Structure formats: structure tokens, C-alpha cells
S.K.: 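Before I ask anything, let me first share the structure, which is written out below as C-alpha cells.
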Amino acid sequence: MTAKVSYESVEVGTELPAQSFPVTRATLVQYAGASGDFNPIHWNEKFAREVGLPDVIAHGMFTMAEAIRVVTDWVGDPGAVVEYGVRFTKPVVVPNDDKGALVEVSGKVAALLGDNQVRVDLTAMSDGKKVLGMSRAVVRLA
């Protein structure tokens with residue numbers, strides 16, 4: 001695959017299409033199976049509360065993966081992501097109901113780096129709280 005967005009077509013401040021990602025308890029079970037991360041804070045409400053959490057929380061790596069989808073969907077090629085890092089600031093609390101939680105992600109081009117690369121800064125929110133801090137990706141454009 002090749003990036004579908006050209007370096008010449010973006011500038012600092014270019015906004016990426018925002019996306020919302022629903023997270024249910026079923027989503028967490030599926031992710032646990034795929035990742036091998038069966039930590040009970042991600043599926044056992046009693047255990048999560050015993051260790052001081054408000055409820056079951058989403059896996060941090062799952063939240064991180066959902067957030068970068070805003071970038072990979074925009075650029076059209078997951079392989080165009082050169083670097084990606086975040087700080088986990090707040091957990092995504094996933095209630096045991098039909099709605100679960102919602103992770104809302106927006107992004108914008110924060111810097112033109114040359115060599116067809118840009119830095120994209122992401123904002124990931126859930127329940128009105130920022131769940132990822134310093135969420136940044138370097139992407140090689142066409």
C-alpha cells in the first residue's frame with residue numbers, strides 16, 4: 001500500500017476526520033483473546049473495584065490502537081506510520097451495559113518535518129476525560 005495523502009496537500013493545522021469507537025465488555029473479551037492479555041481488571045468488575053478502579057477498564061494498548069486508526073484511515077496505509085507514542089492519562093471505564101464506553105479521537109497535523117513526513121497530534125477522549133496524553137504519530141505521506 002502507499003499513502004493516499006500527498007505531503008503538498010497538507011499544512012500545519014490540517015484536521016483529520018474525527019472518529020468515535022464504541023467499547024463494550026464483549027470488545028474487551030475479544031481483545032483479550034487476540035492479545036493474550038487476560039488481566040482481570042479488563043473483565044472482572046469485582047476484582048477491578050478491589051484494586052481501586054471504578055469498574056472494568058479497557059486495555060491501554062487497545063485504546064492506543066483505536067486512536068491510531070484515525071491516522072491510518074486518513075493516510076490510507078498503516079505502513080505509513082513511522083513512529084507512534086502515547087502516555088496513558090486516564091482509563092477508559094467500560095460499564096456492564098448495552099452501551100459500554102465511547103472513545104472519541106480527533107487529530108491534526110502539528111508539524112511538517114520534511115522528507116514527506118508530518119507529525120500528527122491526536123486527542124482521545126472518553127466520558128469527557130482525556131485518556132491519552134502526548135499522543136503523536138509521525139507519518140510518511142505520498
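The structure displayed is predicted, hence computed values, not measured ones.
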S.K.: Judged by atom type as modelled, is there a donor-acceptor pair below 3.5 Å linking the side chain of Tyr84 to the main-chain atoms of Val139?
M.R.: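 No, because the side chain of Tyr84 does not come within donor-acceptor range (under 3.5 Å) of the backbone of Val139.
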
S.K.: How many angstroms lie between CG in Leu16 and NZ in Lys108, if you round to the nearest 0.5 Å?
M.R.: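 Going from the CG atom of Leu16 to the NZ atom of Lys108 covers 11.0 Å.
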
S.K.: Using the rule that Ile, Leu, Val, Met, Phe, Trp and Tyr join whenever any side-chain heavy atoms are under 4.5 Å apart, tell me whether Val12 and Val118 fall into a single cluster.
M.R.: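 Cluster IDs for Val12 and Val118 match.
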
S.K.: Once rounded to the nearest 0.5 Å, what's the spacing between atom CG of Leu132 and atom CE of Met125?
M.R.: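 With rounding to 0.5 Å, CG (Leu132) is 10.5 Å from CE (Met125).
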
S.K.: Looking at every non-hydrogen atom in both residues, tell me the closest pair between Leu28 and His42 and how far apart they are.
M.R.: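 Nearest pair, atom of Leu28 first, then His42: CD1-O, 3.4 Å.
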
S.K.: Is there a side-chain contact between Val51 and Ile41, using heavy atoms and a 4.5 Å cut-off?
M.R.: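 The answer is yes, as the side chains (C-beta and beyond) meet within the 4.5 Å cut-off.
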
S.K.: Find out if a path of hydrophobic residues (ILVMFWY) with successive side-chain heavy-atom gaps under 4.5 Å connects Val138 to Ile68.
M.R.: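 Cluster IDs for Val138 and Ile68 differ.
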
S.K.: List the atom of Val94, the atom of Gly100, and the distance in Å for their closest heavy-atom pair.
M.R.: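 Taking Val94 first and Gly100 second, the nearest heavy atoms are CG1-CA, 4.3 Å.
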
S.K.: Looking at Thr89 and Lys130, would you say the former's side chain and the latter's main chain have a donor-acceptor pair under 3.5 Å?
M.R.: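 Pair found, side chain donor or acceptor close to backbone of Lys130.
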
S.K.: Starting from Val103, can I reach Val29 by hopping between I/L/V/M/F/W/Y residues whose side chains sit under 4.5 Å apart?
M.R.: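 No, Val29 and Val103 fall in different hydrophobic clusters.
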
S.K.: Can you name the closest pair of heavy atoms from Glu104 and Ser20 and give their distance?
M.R.: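 Glu104 and Ser20 have their closest heavy atoms at CG-OG, 3.6 Å.
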
S.K.: Under the criterion side-chain contact (heavy atoms from CB on, under 4.5 Å), I'd like the reasoning laid out for Arg25 against Glu45: C-alpha separation, chi angles, the key distance, then a yes or no.
M.R.: CA-CA 10 Å; Arg25 296 279 178 97; Glu45 187 173 326; 3.5 Å; yes

S.K.: Quick one: does any side-chain atom of Arg140 pair with a main-chain N or O of Asp115 as donor and acceptor, under 3.5 Å?
M.R.: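 Yes, Arg140 side chain to Asp115 backbone: donor-acceptor pair under 3.5 Å.
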
S.K.: Locate the shortest heavy-atom distance separating Pro54 from Val93; write the atom from each residue and the value.
M.R.: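 Looking at all heavy atoms of both residues, the closest pair is CG-CG2, 3.6 Å.
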
S.K.: Pro91 and side-chain contact (heavy atoms from CB on, under 4.5 Å): which single residue from Thr63, Ile57, Val131 fits?
M.R.: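 When side-chain contact (heavy atoms from CB on, under 4.5 Å) is applied between Pro91 and each of Thr63, Ile57, Val131, only Ile57 qualifies.
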
S.K.: Are Asp55 and Arg49 packed together at the side-chain level, in the sense that at least one heavy-atom pair is separated by less than 4.5 angstrom?
M.R.: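 In contact.
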
S.K.: Can you give me the closest heavy-atom contact between Leu122 and Val71, atom names plus distance?
M.R.: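 Taking Leu122 first and Val71 second, the nearest heavy atoms are CD2-CG2, 3.8 Å.
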
S.K.: Taking all heavy atoms of Pro78 and all of Thr72, pick out the closest pair and write down the distance.
M.R.: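 Closest approach of Pro78 to Thr72: CA-CG2, 3.7 Å.
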
S.K.: Within the 4.5 Å heavy-atom criterion, are Arg119 and Leu113 side-chain neighbours or not?
M.R.: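 Yes, side chains in contact.
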
S.K.: Side chains of Gln19 and Asp73: donor-acceptor distance under 3.5 Å anywhere?
M.R.: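 Side chains of Gln19 and Asp73: pair found under 3.5 Å.
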
S.K.: Without swapping roles, check the side chain of Asp97 against the backbone of Lys99 for a donor-acceptor pair under 3.5 Å.
M.R.: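 At least one qualifying donor-acceptor pair exists.
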
S.K.: Between Phe88 and Met61, is a side-chain contact (heavy atoms from CB on, under 4.5 Å) present by the stated rule, with each step listed?
M.R.: CA-CA 9 Å; Phe88 301 105; Met61 296 303 285; 4.2 Å; yes

S.K.: Any idea how Phe62 and Tyr31 line up, ring-wise: parallel (<30°), tilted (30 to 60°), or perpendicular (>60°)?
M.R.: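 Rings of Phe62 and Tyr31: perpendicular, as their planes differ by over 60°.
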
S.K.: Begin with the C-alpha distance, continue with both residues' side-chain angles, and end with the deciding distance and a verdict on side-chain contact (heavy atoms from CB on, under 4.5 Å) for Thr27 and Phe21.
M.R.: CA-CA 11 Å; Thr27 308; Phe21 304 100; over 6 Å; no

S.K.: Do Trp43 side-chain atoms and Phe38 backbone N/O form a donor-acceptor pair below 3.5 Å?
M.R.: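 Flag set: sc Trp43 to bb Phe38 pair under 3.5 Å.
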
S.K.: Should Val5 and Val81 be regarded as members of a common hydrophobic cluster, given that ILVMFWY residues are connected when their side-chain heavy atoms come within less than 4.5 Å of each other, either directly or indirectly?
M.R.: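 In one cluster with Val5: Val81, yes.
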
